[in-house]
Amino acid sequence: MSVVEEIRAELEKALAHSLQASRECGLIKIDQAPEITVEVPREKDHGDFATNLAMLLARPARMAPRRVAEILAQNFSAGTWVERVEIAGPGFVNFYLKPGWVYLSLPRIVSQGARYGSVDNGRGSKVQVEFVSANPTGLLHMGNARGAALGDSIAAILKFAGYDVTREFYINDAGNQIENFADSLEARYLQLAGQDIPVPEDGYHGEDIMATCISFREKHGDSYTEVAEKDRRSALVAFALEEKLESIKNVLSDFGVDYDVWFSEQSLHDAGAVQDTLEFLREKGCVYEREGALWFKATDFGVDKDEVLVRSNGLPTYFASDIAYHRNKLQRGFAWAIDVWGADHHGHVPRMKAAIKALGYDPAVLEVVIMQLVRLYKGGEIVRMSKRSGQFVTLEDLIEEVGRDAARYFFIMRSADSHLDFDLDLARSESNENPVYYIQYAHARICSIMRQLEEQGGQMPDPGSIDYSLLIEEYELALARKLADFPGEVTAAAAGLAPQRIARYLHELAGLLHSFYNSHRVIIPEKDISAARLVLVEATRITLKNGLGLLGINAPERM
RNA sequence: GCGCCUGUAGCUCAGCUGGAUAGAGCGUCUGACUACGGAUCAGAAGGUCGGGGGUUCGAAUCUUCCCAGGCGCGCCA
C-alpha cells in the first residue's frame, strides 16, 4: 500500500470513529452511515486531505452541513500525522498534515526501484489485450499506429497493476479480403510476365503489392504462369502473407511493441473451431436460416438487427470466425478480454457482446476500447488514406520522421475517445518542443547530477538514514508529494484503461523537477541537505523511468 | 432516420467518474544566475466549458432537448 493510501485509510477509519461517537452521544441522528471517502483537494490551501462527509450527512441528519462538520471535527482524534483539522466552504472537513509525511515514500521508492508504482489490483488474474490485428495484406497505417501505442501501454499498465497479461495479434488471414488480395497479386504477377491483366478496381493498388510480386518472381521466375490458377493464387498468397507478416512484426518491434501470441484466423477454420461454434449456437437455438443464409438471433439479446453467420454461398462471415475466436479466448481462461478497435468498427461491439452471451459467458468479460480515427494533416491539408489508392503514411514512415518516442507519446497523451488530428509537419518541424523531450530531459538531468556526484568522488547516501526534515523548500515538498501519487496513478490508469493519465502525470512530475532544479542545487557543501536532495532526485529519476516504461518510451541518460 | 464518439483559452488537448477559485503545451508578451545540461525556469495576457432546460448543498462532469463535426447502420472486414 502506498503512503497516500495508508494515510487515507487511517483518516477514513478515524472519521468512522468520530461519526460513531457523534451518533452515540446523540449529536448526529441518522439511520445509516454513508460511505466515508477521503479525497485529495485540488487546492493546496484546502489541506492535504479532505472529506465531504458532513455534506452527505446534512440531509439525513436534518442539520446544516457546517454544523455537522463541527461535530465531526470535535469528535475526531488525530493520528500521527494530522496537524490540524479545519472546516471550510459549504461543509468540507479539511485535514492538514505535518509536512514530513510527504517524505515517507522516498526510502521506499529507492528500495523498490523498478517496481515502484506497481500495485496488485489484478491479483494475478489473466487478461488478454488484443490490438492492431491489422489485415496482413498491407502496410500499417496511422490508425494501426495509434492502436499499437494504446494497446501496448494498456497492457504494460495492467501488468504493472498486477494482472497476468497476454498481448495478442489476430491475423485476418482468411475470408474475402484474402481472395481480393489474391486477385491483385495475380494481376501484378501476370503483368510482370508481360500479360495485360488489370488490377481489379477494388483491389490493392499499393506499390508494396508490386514489390512483393517482384520478389516472388525473383524466386520463382515465370513458372507460376503455367500452373493452374488455384495453385498460382495460393502460392502467391502464402508468399505474400509471410512477407507481410514478417514486415509487420519488424515494424511493430521497432515501435517497441512485441506480442506474446500471433493468432491466425485460418487456424480456427483448419481446426474446425468455426464449425464447432456454429454448431454450438445452433444447439442453443440462437440461429435460424433465411434466404439461404444462416443468421444469428442478435435481437434475442437486445441488438436491433440479426446478423449473417454463413452466407448463402456457404462461406462463413467474418462475424462467425470472430465469435469462434472470442470463444477460443474465453476457453483459454482469460477473465478479462480487452479489444482495441478503431471507431469504424464500433457498430460491431453490441453484436459481439450478444454473441458472447449466447456462448454462455458474461458479456462483461469483453471490454472493447474504441479509439477514434486519426486524421492526418500535411501542408495544412487532410491526407486521405486508402489502400485502394495506395496513398498513405505508414507506421514505418512515422517512426522515421517523428521518432518512436515522440510518436508513441503523441498517441498516448490523448484519450482514445478523442478524434486525433496528426499534423505531420508540426510533429516534424517542432519535434524539439514535443512534450516527450521535456520529460526525458528531466530524467537526463538527474542522470547528469549523478555523474557529477561520481566524478567528485561522492556516493549515493543510504535513504534509510536521512534527515528529511531538512527539505523545507516549496518545490521539495511538491516534488515529494507528486512522487507519492504514482502508485495511485497506476491504479487509476489501469482501472480506466487510460494511459493518458500516466502521460499527464509524468509531464507534471517533470515540470516539478525542472522547477526544483532551477531554484536549488543538489550537490552542495551542506552534506545533510545534499544527501536528502540526492535521495529526492534519485526517487524522481526512478519514478520517471518507471512511468516512461509504461508508455514504451526510453528514459535516456544523456540527450 | 437510428446508434456511438466529440465540442473546454487564438491552436492542440487535460480535467482523477459530482467538489471548493476550470488546467497544461504551442503561439504572443515581459523577465532569469558566467551555475549539477537554457531541450530549462519565473511571470503576464487569454474562458458564457457549443446552447437552453432539469436533477442537488454543489454540474465541464449526471439527465433531457436543440446546434455543429467525425464514424457506423452489407450475405465487407
Side-chain angles (χ1 to χ4, degrees), chain A residues 39-43 45-46 50 52 54-56 58-59 64-66 88-92 94 133 135 172 175-177 180 202 265 290-295 304-305 307-319 321-322 342-350 370-373 375 410 413-423 426 430-438 440-442 444-453 455-456 485 488-489 491-493 495-496 498 500-501 503-505 507-508 510-511 513-524 533 537 558-559:
Chain A
E39 56 193 28
V40 178
R42 191 167 42 200
E43 283 297 317
D45 294 344
H46 296 144
N52 62 351
M55 275 119 82
L56 297 177
R59 178 179 284 262
R66 284 191 71 107
F92 287 100
N94 296 339
S133 298
N135 279 338
N172 299 129
N176 241 348
Q177 87 278 6
N180 203 342
D202 58 349
E265 179 185 358
R290 192 177 80 203
E291 295 161 12
L294 186 71
W295 296 71
D304 53 358
K305 269 193 241 175
E307 288 296 317
V308 172
L309 293 166
V310 181
R311 295 186 280 253
S312 50
N313 64 9
L315 294 174
T317 59
Y318 171 85
F319 183 45
S321 43
D322 216 16
D344 51 344
H345 288 69
H346 78 264
H348 191 52
V349 178
I370 293 295
M371 54 172 191
Q372 296 302 315
L373 302 180
R375 220 167 23 171
F410 204 99
M413 68 190 288
R414 291 159 164 72
S415 76
D417 280 342
S418 75
H419 302 261
L420 177 50
D421 289 339
F422 199 112
D423 188 330
L426 198 70
E430 301 193 342
S431 63
N432 280 355
E433 284 158 5
N434 190 304
V436 72
Y437 294 105
Y438 182 81
Q440 290 180 318
Y441 184 49
R445 266 185 152 170
I446 298 169
C447 291
S448 173
I449 293 174
M450 297 306 170
R451 284 194 295 271
Q452 281 283 327
L453 179 70
E455 279 167 24
Q456 297 177 16
D485 274 339
E489 285 296 326
T491 300
Q500 78 274 7
R501 289 197 56 143
R504 190 182 68 246
Y505 171 81
H507 195 263
E508 289 168 1
L513 185 276
H514 288 310
S515 295
F516 163 76
Y517 182 95
N518 272 275
S519 37
H520 309 291
R521 291 175 61 83
V522 174
I523 300 174
I524 49 173
R533 284 183 180 166
V537 296
R558 297 169 202 268
M559 292 174 69

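A note on names: the letters A, B, ... follow the listed sequences, proteins ahead of strands, and every chain is numbered from 1.
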B:rG47 to B:rC65 separation - C1' atoms, rounded to the nearest Å: 25 Å
Among B:rC71, B:rC36, B:rC57, which nucleotide has an atom closest to any side-chain atom of A:Met55? B:rC57
So, the side chain of A:Thr317 versus the backbone of A:Val310: is there a donor-acceptor pair under 3.5 Å, distance only? no
Centroid distance under 5.5 Å and plane angle under 30°, A:His419 vs B:rG70: no
Reading RNA chain B from 5' onward, which residue's closest nucleotide shows up sooner: A:Arg504 or A:Asp344? A:Arg504
Would you indicate, yes or no, if B:rC5 has its OP1 or OP2 atom less than 4.0 angstrom from a side-chain nitrogen or oxygen of A:Ser418? no
According to a strict under-4.0 Å criterion, is A:Gln500 in side-chain N/O contact with OP1 or OP2 of B:rG15? yes
Below the 4.0 Å mark, does B:rC41 have OP1 or OP2 next to a side-chain nitrogen or oxygen of A:Tyr438? yes
Please give the distance between the C1' atoms of B:rA24 and B:rG43 as a whole number of Å. 16 Å
How would you label the contact of A:Ala50 with the nucleic acid (heavy atoms, under 4.0 Å): base, sugar-phosphate, or nothing? base
Could you tell me whether the side chain of A:Ser515 and the main chain of A:Gly511 form a donor-acceptor pair under 3.5 Å? yes
Pull out every stem in RNA chain B, meaning runs of 3 or more consecutive Watson-Crick or G-U wobble pairs with both distances under 3.5 Å. B:1-7 with B:67-73, B:10-13 with B:23-26, B:28-32 with B:40-44, B:50-54 with B:62-66
Anti versus syn assignment for B:rU17, with syn defined as within 90° of 0: syn
Answer yes or no: does a side-chain N or O of A:Lys305 lie under 4.0 Å from OP1 or OP2 of B:rC2? no
What integer number of Å spans the C1' atoms of B:rC41 and B:rU55? 46 Å
Least distance between heavy atoms, A:Tyr438 atom then A:His514 atom: O-NE2, 3.1 Å
Counting N and O atoms only, with roles assigned by atom type, does the side chain of A:Trp295 sit under 3.5 Å from a partner on the main chain of A:Arg290, one being a donor and the other an acceptor? yes
Could you tell me whether the side chains of A:Glu265 and A:Ser321 share a donor-acceptor contact shorter than 3.5 Å? yes
Between B:rG54 and B:rG10, how far is it from one P atom to the other, in whole Å? 29 Å
B:rA20 base / A:Asn94 side chain donor-acceptor hit below 3.5 Å: yes
Sticking with atom C1', work out how far B:rG27 lies from B:rC67, rounded to a whole angstrom. 30 Å
If you apply the rule ring pair (Phe, Tyr, Trp, His ring centres under 6.0 Å), what do you find for A:Phe92 with A:His46, and how did you get there? CA-CA 9 Å; A:Phe92 287 100; A:His46 296 144; 7.4 Å; no
If I take atom CG from residue A:Leu309 and atom CG from residue A:Asp322, how far apart are they, to the nearest 0.5 angstrom? 11.5 Å
Nearest of B:rC41, B:rG37, B:rG19 to any side-chain atom of A:Leu56? B:rG19
For A:Asp421, which contact category applies under a 4.0 Å heavy-atom criterion: base, sugar-phosphate, or nothing? sugar-phosphate
Given B:rC75, B:rG37, B:rC36, which nucleotide is nearest the side-chain atoms of A:Arg521? B:rC36
Does a side-chain N or O from A:Arg59 land closer than 4.0 Å to OP1 or OP2 of B:rC57, or not? yes
Taking atom CZ of A:Arg59 as the centre, does the number of heavy atoms from other residues, nucleotides or ligands within less than 6.0 Å exceed 12? no
Mind checking the C1' distance from B:rG25 to B:rC62? Whole angstroms is fine. 30 Å
Please report the distance separating the C1' of B:rA22 from the corresponding atom of B:rC49, rounded so that it comes out in whole Å. 8 Å
Answer yes or no as to whether B:rA20 has its base stacked against A:Phe92, where stacking requires a ring-centre separation under 5.5 angstrom and planes under 30 degrees apart. yes
Parallel, tilted or perpendicular: which one describes the rings of A:Phe422 and A:Phe410, with boundaries at 30° and 60°? tilted
Any donor-acceptor pair, under 3.5 Å, between the side chain of A:Ser312 and the base of B:rC75, if you only look at N and O atoms? yes
Polar pair under 3.5 Å, donor/acceptor by atom type, side chain A:His507, base B:rA14: no
Taking only side-chain nitrogens and oxygens of A:Arg445, does any of them come within less than 4.0 Å of OP1 or OP2 of B:rC36? no
Quick one: label A:Leu373 by what it contacts on the DNA or RNA (base, sugar-phosphate, nothing), any heavy atom closer than 4.0 Å. sugar-phosphate
Pick base, sugar-phosphate or nothing for A:Ala293, based on heavy-atom distances below 4.0 Å to the nucleic acid. base
On RNA chain B, more 5' by nearest nucleotide between A:Ala495 and A:Asn172 is A:Ala495
Is there a side-chain polar atom (N or O) of A:Tyr318 under 4.0 Å from OP1 or OP2 of B:rA77? no
Counting side-chain heavy atoms from CB outward, which of B:rC36, B:rU56, B:rC41 is closest to A:Ser515? B:rC41
Which listed nucleotide (B:rC71, B:rA77, B:rA20) is nearest to the side chain of A:Arg42? B:rA20
N/O (side chain, A:Ser415) to phosphate O (OP1/OP2, B:rC13) under 4.0 Å: no
Base, sugar-phosphate alone, or nothing: which one does A:Asn52 contact when heavy atoms must sit under 4.0 Å apart? base
If the cut-off is 4.0 Å, is A:Arg311 near the phosphate of B:rA77, judged by side-chain N/O to OP1 or OP2? yes
How far does the C1' atom of B:rU63 sit from the matching atom of B:rU56, given to the nearest Å? 13 Å
Using a 4.0 Å heavy-atom cut-off, does A:Phe319 contact any base of the nucleic acid, only the sugar-phosphate backbone, or nothing at all? nothing
